Amino acid sequence: MATISRGVLLNLAVLALLSTLALADSDSDRAAELFALQSRSKSGVIHLDDHSVSRFLTSTTTPRSYSLLVFFDAAQLHDKSELHLQDLRKEFSLLASSFIANNAENPSSRSKLFFCDLEFKESQSTFGQFGVNSLPHIRLVGPEVKSLKDSEQMDQGDISRMAESMSAFIESRTRLHVGPITRPPLLSKMQIMIIFTLILIWVPFAAKKVLAGETLLHDKKVWLISAVFVYFFSVAGTMHNIIRKMPMFLVDRNDPSKLVFFYQGSGMQLGAEGFAVGFLYTIVGLLLAFMTHLLVRVRNVNVQRLIMGSALLVCFWAVKKVVQLDNWKTGYGIHGFWPSS
Amino acid sequence: MAASEASTATSFRHAFGGVLSFFILILIGVLAFSIRLFSVIKYESVIHEFDPYFNYRVTQFLTKNGIYDFWNWFDDRTWYPLGRVIGGTVYPGLTLTAGTLWWILNSLNIPLSVETVCVFTAPIFSAFASWATYLLTKEVKGAGAGLTAAVLLAMVPSYISRSVAGSYDNEAVAIFALIFTFFLYIKTLNTGSLFYATLNALSYFYMVCSWGGYTFIINLIPMHALLCIVTGRYSSRLYIAYAPLVVLGTLLAALVPVVGFNAVMTSEHFASFLVFIIIHVVALVYYIKGILSPKMFKVAVTLVLSAGLIVCFAVVAILVALVASSPTKGWSGRSLSLLDPTYASKYIPIIASVSEHQPPTWPSYFMDINVLAFLVPAGIIACFLPLSDASSFVVLYIVTSVYFSGVMVRLMLVLAPAACIMSGIALSEAFDTLTRSIKFQLPGNSGGNSEANAGDASSASAGALNDVIKADKAEETAKERPSRKSKKKEREPVEKPQRNPRNERKLLVLPFEASIVGIILLVMLGAFYVVHCVWAAAEAYSAPSIVLTSHSHDGLHVFDDFREAYAWLSHNTEVDDKVASWWDYGYQTTAMANRTVIVDNNTWNNTHIATVGTAMSSPEKAAWEIFNSLDVKYVLVVFGGLVGYPSDDINKFLWMVRIGGGVFPHIKEPDYLRDGQYRIDSQATSTMLNCLMYKLSYYRFVETDGKAFDRVRRTEIGKKNFKLTHFEEVFTTHHWMVRIYKLKPPKNRLRGKAKKSKSKTSSASSSKRSGKRTRNPWQ
């Protein structure tokens with residue numbers, strides 16, 4: 001009896017010892033595992049799912065030795081351009097890789113913070129646990145956090161700006177040093193070298209051609225077409241569309257089957273709208289030039305008459321259309337000035 | 001030119017045409033001047049808006065103290081207590097121009113005030129600008145196109161918006177300088193005369209003096225020179241037009257204090273130096289080509305080319321290294337945002353936030369250049385038939401400026417002259433063709449006769465153009481006989497149009513009836529343009545914004561509160577009193593009230609602006625301390641709630657909070673917002689309701705209608721009855737648009753404090769106050 005009880009006691013003691021060991025062990029184990037996962041991914045962002053979240057976060061005891069910065073992603077929303085999910089994801093992985101690179105010599109701080117992402121379809125329950133119902137969303141799960149809902153959310157303002165503001169967020173919350181964000185150069189060194197050598201090879205040939213006067217640049221038509229094109233491009237307000245990232249058209253809010261091509265209100269325009277009016281702007285001048293310079297050389301009077309009539313009609317219609325559209329868009333109708341008082 | 005033509009009949013016609021053009025030009029000048037007078041007629045002869053008041057004040061100083069004092073002027077009336085070096089930080093062109101005008105008028109015993117001269121500088125220079133446009137377009141496509149372009153420019157809305165009477169700003173003279181510089185460049189290019197080249201450099205100097213936009217010239221002209229070289233149009237005329245401009249122009253530009261060494265140090269100017277090197281290399285090549293036989297030349301070409309390329313690469317490498325060594329790559333933010341339009345929106349919010357720097361949408365083009373937008377493509381095509389050095393320049397001008405205007409709506413101003421030139425060319429060519437068609441197909445004319453006439457007429461109608469080309473050709477053959485062979489290619493396009501009328505004796509006309517319809521439509525288009533321009537000048541652009549008007553059912557209301565307030569300040573306060581207000585009103589206060597301000601529209605010191613912003617967003621006591629530490633005696637706020645004037649200080653208030661909070665972090669924007677919304681009604685936060693701006697704006701407001709209903713925010717205000725503890729109201733204008741408060745003198749704190757720590761506090765406070773007493777003797 002006594003032996004048994006002693007044996008049980010011993011067993012219990014061993015178990016307790018083992019379990020504490022296991023606990024301590026598992027925390028560093030988890031960190032090591034995260035390390036391994038991190039090194040496996042190219043950008044240093046660990047992809048989590050429901051299972052791994054419970055392994056690394058919910059089933060652990062606090063304090064953990066690491067914090068996780070979680071990016072909430074949803075593949076189904078990638079095509080919604082106004083959320084910028086993919087851009088933000090790119091910024092996030094930039095942040096991760098810069099953090100890892102800048103702390104390469106400092107493994108202790110490197111194992112303090114891991115960058116993870118979650119995909120909505122795969123880990124819906126985790127999204128629920130975090131209480132995330134809108135995207136883009138980034139959360140920092142600190143070492144002390146017990147319930148996932150208590151983890152700290154990054155401000156929309158911090159998210160919407162670049163990796164720099166995200167890193168400022170991390171530095172202020174975790175006291176870890178992220179360091180400068182290293183963005184990949186537009187062209188790699190190899191590409192630059194290749195381009196440079198190509199240019200070097202090409203220059204003598206080009207110089208010879210320029211001297212001989214037989215490049216594309218000597219063709220007046222190319223210049224003419226490009227000049228008119230630049231004009232069309234600018235008058236259409238394309239720059240506005242590029243800078244403001246305007247879509248070509250909108251879907252009508254009230255009736256999703258209808259598309260809106262023209263936007264009322266002078267501060268904004270849609271892509272298709274710009275091109276349409278730019279075309280109207282340009283066509284009149286082109287027709288006028290056609291009449292004054294080309295049509296005069298046509299010998300048949302009736303052909304002249306026919307073409308000129310239709311050209312004038314088109315011009316008239318185009319001008320009228322632009323005036324109308326402008327009136328509709330800005331509310332300004334042309335009217336004379338007459339002193340009223 | 002005309003006199004050298006043969007027969008007396010044509011010379012008589014040319015003389016008549018010359019006189020007629022002269023009178024038309026005078027009329028165009030009158031038109032350009034008078035269309036800009038709407039603001040004077042509808043309002044009165046005042047300076048407009050904000051920046052012009054600063055220019056006006058500088059001009060006053062110049063006329064009073066002379067040029068040397070102006071050059072060394074340190075202004076202690078603004079940015080108190082820092083002051084500002086005016087002489088070295090302004091473009092002096094406008095001020096010197098108006099000052100000289102005033103001086104000339106006064107020495108002719110025409111006693112005009114400085115203000116009058118300033119008000120009318122812009123319209124006068126618009127007349128000059130339209131004459132310059134005539135000259136430029138005449139060099140490109142002949143007198144007819146020149147006159148059309150001039151009349152279009154005289155009333156193009158985009159230019160009117162910057163040059164109505166009273167809008168006394170740099171652009172007013174700069175556009176004239178821009179066009180005139182381009183004219184002299186083209187003139188030099190057409191004549192190859194060093195005289196014009198020198199004038200060109202001087203005119204460029206005037207442009208540099210006047211406006212920061214001179215970088216457009218110093219990049220456009222090198223681009224054109226490069227274009228000419230690349231397309232095989234190099235000539236000694238190009239060299240004469242380009243090289244002296246770069247050398248003299250850069251030297252002269254460096255004389256302007258505000259430019260200084262920027263003229264050789266910043267990337268905006270590097271293009272001109274690069275092309276300067278290239279043109280010399282090319283000149284050398286052409287020279288060698290001229291003196292060697294073709295065989296020898298082939299040998300030489302390889303030699304020179306390799307050497308030249310090495311030199312070029314070395315220079316490029318040096319330039320690249322220089323550029324790369326500077327942090328912004330040597331470019332200023334504004335130029336960068338032109339090259340890469342998305343740059344500003346990404347990296348420089350302060351540039352992106354200014355409304356002038358927004359990219360325009362298509363209605364802006366219709367508003368600003370109106371029907372010219374339709375005519376420009378025809379002008380571009382006309383410039384390619386035939387392509388000459390001059391016409392390629394205007395094509396380049398329109399293409400670059402239209403692109404830039406697409407990036408920033410403000411640069412529409414640079415586009416406007418180009419659009420006028422192009423449309424002038426297009427209209428003149430179209431009218432030429434159409435009227436010719438009508439003239440030679442009039443029912444009375446018999447067929448055979450008209451055939452014979454047509455040959456003459458078409459050559460005569462293209463006369464103006466041909467004159468230029470002929471003269472060119474004559475000069476060319478005279479001057480450049482040695483290198484004649486090499487010029488063959490270049491002259492080909494020039495000869496073509498001359499051959500055409502002679503070879504094709506066919507009637508180059510359109511059908512009679514269609515031509516009449518065409519002319520009617522074109523005239524209608526022109527009439528539409530005139531109607532629009534007059535409307536724009538009269539209604540859209542002539543409001544001086546210092547005097548406001550509103551039409552209601554019971555007639556016209558005039559709000560002259562701003563001047564009322566400034567006049568009160570100048571009559572009722574000490575000369576050395578300091579007035580604090582938001583920076584928008586700084587220039588006006590110094591110019592009209594002649595009082596010292598803390599911040600003004602030259603926003604060079606962000607911290608100082610943030611201090612004022614912080615004071616405005618703080619509670620009364622804290623604000624009083626800030627203002628008192630700056631020696632401020634009066635605080636001026638603009639309030640539109642009573643009359644519904646939307647651009648008042650309450651609407652600008654969030655910017656004050658933001659700018660203040662940017663430097664002093666205890667001011668936090670969310671404290672002033674209820675659920676992210678800016679409101680001043682009963683839902684507003686207590687921070688908002690207790691801040692100085694709220695109190696100064698709405699003090700006693702409830703006494704006006706009993707309900708305190710704000711007409712701009714369309715709501716009743718949150719806190720209606722309150723007293724001011726540290727400020728007292730001294731003046732409120734007729735419509736309550738400007739309210740002026742005085743800082744109360746500090747309370748006598750001796751009695752309360754004496755009980756506790758007697759010795760310390762009393763000595764400290766008395767010393768503090770005695771210190772104050774020396775500074776503020778009125779207390």
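Per chain, numbering begins at 1; letters A, B, ... match sequence-line order. Just so you know, these numbers use all the heavy atoms, side chains as well, and skip hydrogens, waters and symmetry mates. Remember, predicted model here, so these are calculated numbers, not experimental data.
- A pairwise comparison of heavy atoms in B/Ala378 and A/Ala289 identifies CA-CB, 3.8 Å as the closest pair.
- When A/Asp326, A/Leu295, A/Val230, A/Val284 are compared by the number of non-hydrogen pairs under 4.5 Å with chain B, A/Asp326 comes out ahead.
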- Quick one: do B/Trp362 and A/His240 satisfy side-chain contact (heavy atoms from CB on, under 4.5 Å)? Show the steps, please. CA-CA 9 Å; B/Trp362 68 262; A/His240 171 269; over 6 Å; no

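- With rounding to the nearest 0.5 angstrom, the CE atom of A/Met291 is 10.0 Å from the OG atom of B/Ser515.
- Against chain B, the residues from residues 231-238 of chain A that qualify, each with a non-hydrogen atom under 4.5 angstrom away, are A/Tyr231, A/Ser234, A/Val235, A/Gly237 in number order.
- Below 30°, between 30° and 60°, or above 60°: for B/Phe366 and A/Tyr281 the angle between ring planes is below 30°, a parallel geometry.
- Taking every heavy atom of both residues into account, A/Lys220 and B/Leu387 meet most closely at CD-CB, 3.7 Å.
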Side-chain donor-acceptor distances from residues 306-322 of chain A under 3.5 Å, at least two apart:
| from | atom 1 | to | atom 2 | distance (Å) |
| --- | --- | --- | --- | --- |
| A/Ser310 | OG | A/Leu306 | O | 3.0 |
| A/Ser310 | OG | A/Ile307 | O | 2.8 |

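- Closest heavy-atom contact between B/Leu385 and A/His293: CD1-CG, 3.6 Å.
- Both the backbone and the side chain of A/Leu325 come within contact range of chain B, each with at least one heavy atom under 4.5 Å from a heavy atom of that chain.
- The OG1 atom of B/Thr433 sits 8.5 Å away from atom CG of A/Leu288, with the distance rounded to the nearest 0.5 Å.
- Using a 4.5 Å cut-off between heavy atoms, A/Thr330 contacts chain B through its side chain alone, with no backbone atom that close.
- Side-chain atoms of B/Leu227 and A/Trp223, non-hydrogen and from C-beta on, do get closer than 4.5 Å to each other.
- Taken from CZ in B/Phe374 to CG in A/Leu286, the straight-line distance is 12.5 Å, to the nearest 0.5 Å.
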- Start with the C-alpha distance between B/Phe313 and A/Leu200, add both sets of side-chain angles, then the distance that settles side-chain contact (heavy atoms from CB on, under 4.5 Å), and finish with yes or no. CA-CA 11 Å; B/Phe313 269 113; A/Leu200 268 187; 4.1 Å; yes

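- For the pair B/Tyr403/A/Met239, a side-chain contact is recorded, criterion being any heavy-atom separation below 4.5 Å from C-beta on.
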